[in-house]
Amino acid sequence: MEHIVIIGNGISGVTLARHIRKNSDKRITIISEESEYFFSRTALMYVYMGHMKFEHTQPYEANFWKKNRIELLFKKVVQVLPEENSLRLDDNTHFKYDRLVIATGSKPNKFGWPGQDATGVLGLYHKQDLEKLESLSVDATSAVIVGGGLIGIELAEMLVTRKIPVTFLVRESQFWGSVLPEGEAKLIGKHIKEHHIDLRLATNLKEIVVDETGRAKAVITEVGEEIPCNIVGLTVGVSPNIDFLKDSGIATNKGVLVNRYLETNYSNVYAIGDCAEQSEAIGYRRPVEAVWYTGRMMGEVLAQTICGNKMRYNPGHWFNSAKFLDIEYQTYGWVWAKPKEYEQHLYWEHPSGKKAVRIAYHKETHAFLGINTFGIRMRHEFFDAILTAQKSVTYVIENLKQANFDPEFYKHYEKDIALQFKNDLSNLKAIS
């Protein structure tokens, strides 16, 4: 019986195992050092905030794995030997496979700051991080978070619910300025400050100061300011977790290099999820995408290939969603922080500063390119169909009501949004 071994029990690896089992009787083993059972990583913040218990983050009962004949091995892989179809584990034993799937996810970035490995310094990526944070929060007096992305704002929200004062250091001139256009970045920055989070823009970390016990006691910024704290959240992005592949012969760059079939340079070795790097560009998508839904899609696609129905990975139109404290964010298609030369933007913001919509379209063809929404939920199916059909920006403006997730709620803003966008569009046409 062919033996499929999956390193990593995140959304990619577990989705793969489930779909292989649906389509075959192959032997399946999942190896993980982080946790014995798969859990929802995005729910870690809600466990800390008291909205659920950790066991509630596990979507499958403990007997699910035995029932579906999926073996779980709670070990660390320290070396891959692809010429021998073998893995070396942390107890120095070897484990054989017929086909291997690397689904080891991401690790937090560190940039060599003095004190970055001290007690009290952590990210928010793994179950162990949650356990550390719980312990540190018992006597925490204040916290500093370094890095202005989605994980940073999640960690800030978590700490605020425990009434731990937070200083938020963001190196860019606006919050998440590499992704959000200026209007939305300012909206979110203002919202963060309204939640009593001390947001410091254009501020870089120089050093983490450690006390005599080895715990962080302050940070020093590049301009020499010392900020006392005994929790430091390092949330300056992630990179593929592939250190154990060094000298394996498996081709890597930033991540494990794969083709559109998610194959590596070894015919029986694959990579999926955050640790996989596309060697062939897929539109404007980044070669490495640390996104939950793309990881799930890769697992589904690779299961088909492993079960004899070879299938290319095709993630379709870009979309994503997040939550900035109590403002929901959605994006469909491409809306660049700094518009491309062919791109024009239309922007509406509610006077409350809690809701906004930005539409991007092509200057020449007027084709709809993408949309950002804040505080107004939109339907994925609508924009997926619109992008596929290459509809015009005018069509989208006139049909925004169809896109809204809650039509009753949207009635309050529909006329204002449509009227402003139509006026802006007419003015831009007149100028051009």
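In this text the structure is predicted, and so the values were computed from the model without any measurement.
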Has [X] got more than 12 heavy atoms of other residues, nucleotides or ligands less than 6.0 Å from its [atom1]?
{"X": "Lys66", "atom1": "NZ", "value": "no"}
{"X": "Lys190", "atom1": "NZ", "value": "no"}
{"X": "Tyr342", "atom1": "OH", "value": "yes"}
{"X": "Lys67", "atom1": "NZ", "value": "no"}
{"X": "Arg200", "atom1": "CZ", "value": "yes"}
{"X": "Arg286", "atom1": "CZ", "value": "no"}
{"X": "Lys76", "atom1": "NZ", "value": "no"}

Is there a donor-acceptor pair closer than 3.5 Å between any side-chain N or O of [X] and the backbone N or O of [Y]?
{"X": "Thr161", "Y": "Met158", "value": "yes"}
{"X": "Arg285", "Y": "Gly316", "value": "yes"}
{"X": "Ser12", "Y": "Gly295", "value": "yes"}
{"X": "His126", "Y": "Gln128", "value": "no"}
{"X": "Arg99", "Y": "Ile306", "value": "yes"}
{"X": "Asn265", "Y": "Ala251", "value": "yes"}
{"X": "Thr235", "Y": "Val146", "value": "yes"}
{"X": "Glu277", "Y": "Gly255", "value": "yes"}

Roughly how far, to the nearest 0.5 Å, is [atom2] of [Y] from [atom1] of [X]?
{"X": "Asn68", "Y": "Asn63", "atom1": "CG", "atom2": "CG", "result": "9.0 Å"}
{"X": "Leu169", "Y": "Asn204", "atom1": "CG", "atom2": "CG", "result": "8.5 Å"}
{"X": "Glu328", "Y": "Phe374", "atom1": "CD", "atom2": "CZ", "result": "11.5 Å"}
{"X": "Lys355", "Y": "Ile327", "atom1": "NZ", "atom2": "CD1", "result": "8.0 Å"}
{"X": "Trp65", "Y": "Ile30", "atom1": "CH2", "atom2": "CD1", "result": "5.0 Å"}
{"X": "Ile417", "Y": "Trp348", "atom1": "CD1", "atom2": "CH2", "result": "4.0 Å"}

Heavy-atom side-chain contact between [X] and [Y] under 4.5 Å:
{"X": "Ile102", "Y": "Val80", "answer": "no"}
{"X": "Glu157", "Y": "Lys323", "answer": "yes"}
{"X": "Asp25", "Y": "Arg69", "answer": "yes"}
{"X": "Ile188", "Y": "Trp176", "answer": "no"}

What pair of heavy atoms forms the shortest contact from [X] to [Y], and how long is it?
{"X": "Leu122", "Y": "Gly120", "answer": "CD2-O, 3.8 Å"}
{"X": "Ser279", "Y": "Leu257", "answer": "CB-CD2, 4.4 Å"}
{"X": "Gly105", "Y": "Cys275", "answer": "O-CB, 3.5 Å"}
{"X": "Tyr361", "Y": "Leu369", "answer": "C-CD1, 3.5 Å"}
{"X": "Trp113", "Y": "Leu205", "answer": "NE1-O, 3.3 Å"}
{"X": "Asn9", "Y": "Ser32", "answer": "OD1-OG, 3.1 Å"}

Set of residues satisfying salt bridge (charged side-chain N to carboxylate O under 4.0 Å, His left out) with respect to [X], sequence neighbours excluded:
{"X": "Glu184", "answer": "Arg358"}
{"X": "Arg296", "answer": "Glu300"}
{"X": "Asp326", "answer": "none"}

Task: For Phe382, ring-ring contact (aromatic ring centres under 6.0 Å, His included) partners two or more places apart - done: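 ring-ring contact (aromatic ring centres under 6.0 Å, His included) check on Phe382 returns nothing, list empty.
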
TODO: For side chain to side chain contact (heavy atoms under 4.5 Å, CB included), just list the numbers for Val269 and Ile250, CA-CA rounded to whole Å, side-chain angles, deciding distance to a tenth of an Å, and then say yes or no.
DONE: CA-CA 8 Å; Val269 179; Ile250 296 171; 4.0 Å; yes

Task: Steps toward side-chain hydrogen bond (donor to acceptor under 3.5 Å, both in side chains) verdict (Asn230, Thr141) - done: CA-CA 7 Å; Asn230 44 18; Thr141 55; 3.3 Å; yes

- [ ] Just jot down the side chain to side chain donor-acceptor pair (under 3.5 Å) partners of Gln390, sequence neighbours excluded, or say none.
- [x]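 With sequence neighbours excluded, Gln390 shows a side chain to side chain donor-acceptor pair (under 3.5 Å) to no residue whatsoever.
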
Task: Asn241 and Thr104: side chain donor to acceptor below 3.5 Å - done: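 No pair is found: no donor N or O on one side chain lies under 3.5 Å from an acceptor on the other.
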
- [ ] Consider only side-chain N and O atoms of Ser239 and Asn109, and report whether a donor and an acceptor are under 3.5 Å apart.
- [x]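 Distance-only check passes for Ser239 and Asn109.
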
Open item on the list: Determine whether Leu159 and Leu133 satisfy the following criterion, side chain to side chain contact (heavy atoms under 4.5 Å, CB included), listing intermediate values before the conclusion.
Closed with: CA-CA 9 Å; Leu159 292 165; Leu133 187 60; 4.1 Å; yes

Check whether the ring centres of [X] and [Y] lie less than 6.0 Å apart, and answer yes or no.
{"X": "Phe368", "Y": "Tyr395", "result": "no"}
{"X": "Phe319", "Y": "His380", "result": "yes"}
{"X": "Phe95", "Y": "His3", "result": "yes"}

Task: Parallel, tilted or perpendicular, as decided by the 30° and 60° cut-offs, for the rings of Tyr284 and Trp334 - done: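 Ring orientation of Trp334 relative to Tyr284: perpendicular.
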
- [ ] Decide yes or no on side chain to side chain contact (heavy atoms under 4.5 Å, CB included) for Gln174 and Leu201, but give the supporting numbers first.
- [x] CA-CA 6 Å; Gln174 299 291 345; Leu201 299 173; 4.3 Å; yes

TODO: Would you check, one step at a time, whether the test side chain to side chain contact (heavy atoms under 4.5 Å, CB included) holds for Ile231 with Ser137?
DONE: CA-CA 8 Å; Ile231 292 178; Ser137 298; 4.2 Å; yes

Open item on the list: Suppose we screen for side chain to side chain contact (heavy atoms under 4.5 Å, CB included). Which residues come up paired with Lys246, at least two apart in sequence or across chains?
Closed with: none

Open item on the list: Pair Lys310, Glu263 - check salt bridge (Lys or Arg N to Asp or Glu O under 4.0 Å), show working.
Closed with: CA-CA 11 Å; Lys310 193 165 186 178; Glu263 301 165 329; 3.2 Å; yes

Task: Row check, Tyr48 ring normal vs Arg162 NZ/CZ: under 6.0 Å, within 45° - done: yes

- [ ] Sort out for me which residue in Asp129, Asp274, Asp243 forms a salt bridge (Lys or Arg N to Asp or Glu O under 4.0 Å) with Lys107.
- [x]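 Only one of Asp129, Asp274, Asp243 forms a salt bridge (Lys or Arg N to Asp or Glu O under 4.0 Å) with Lys107, namely Asp243.
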
- [ ] Taking only Lys NZ, Arg NE, NH1 and NH2, and the carboxylate oxygens of Asp or Glu, determine whether Lys354 and Glu194 approach each other closer than 4.0 Å.
- [x] yes

- [ ] Please determine if Asp98 and Lys26 form a salt bridge, counting it only when a charged side-chain N lies under 4.0 Å from a carboxylate O.
- [x] no

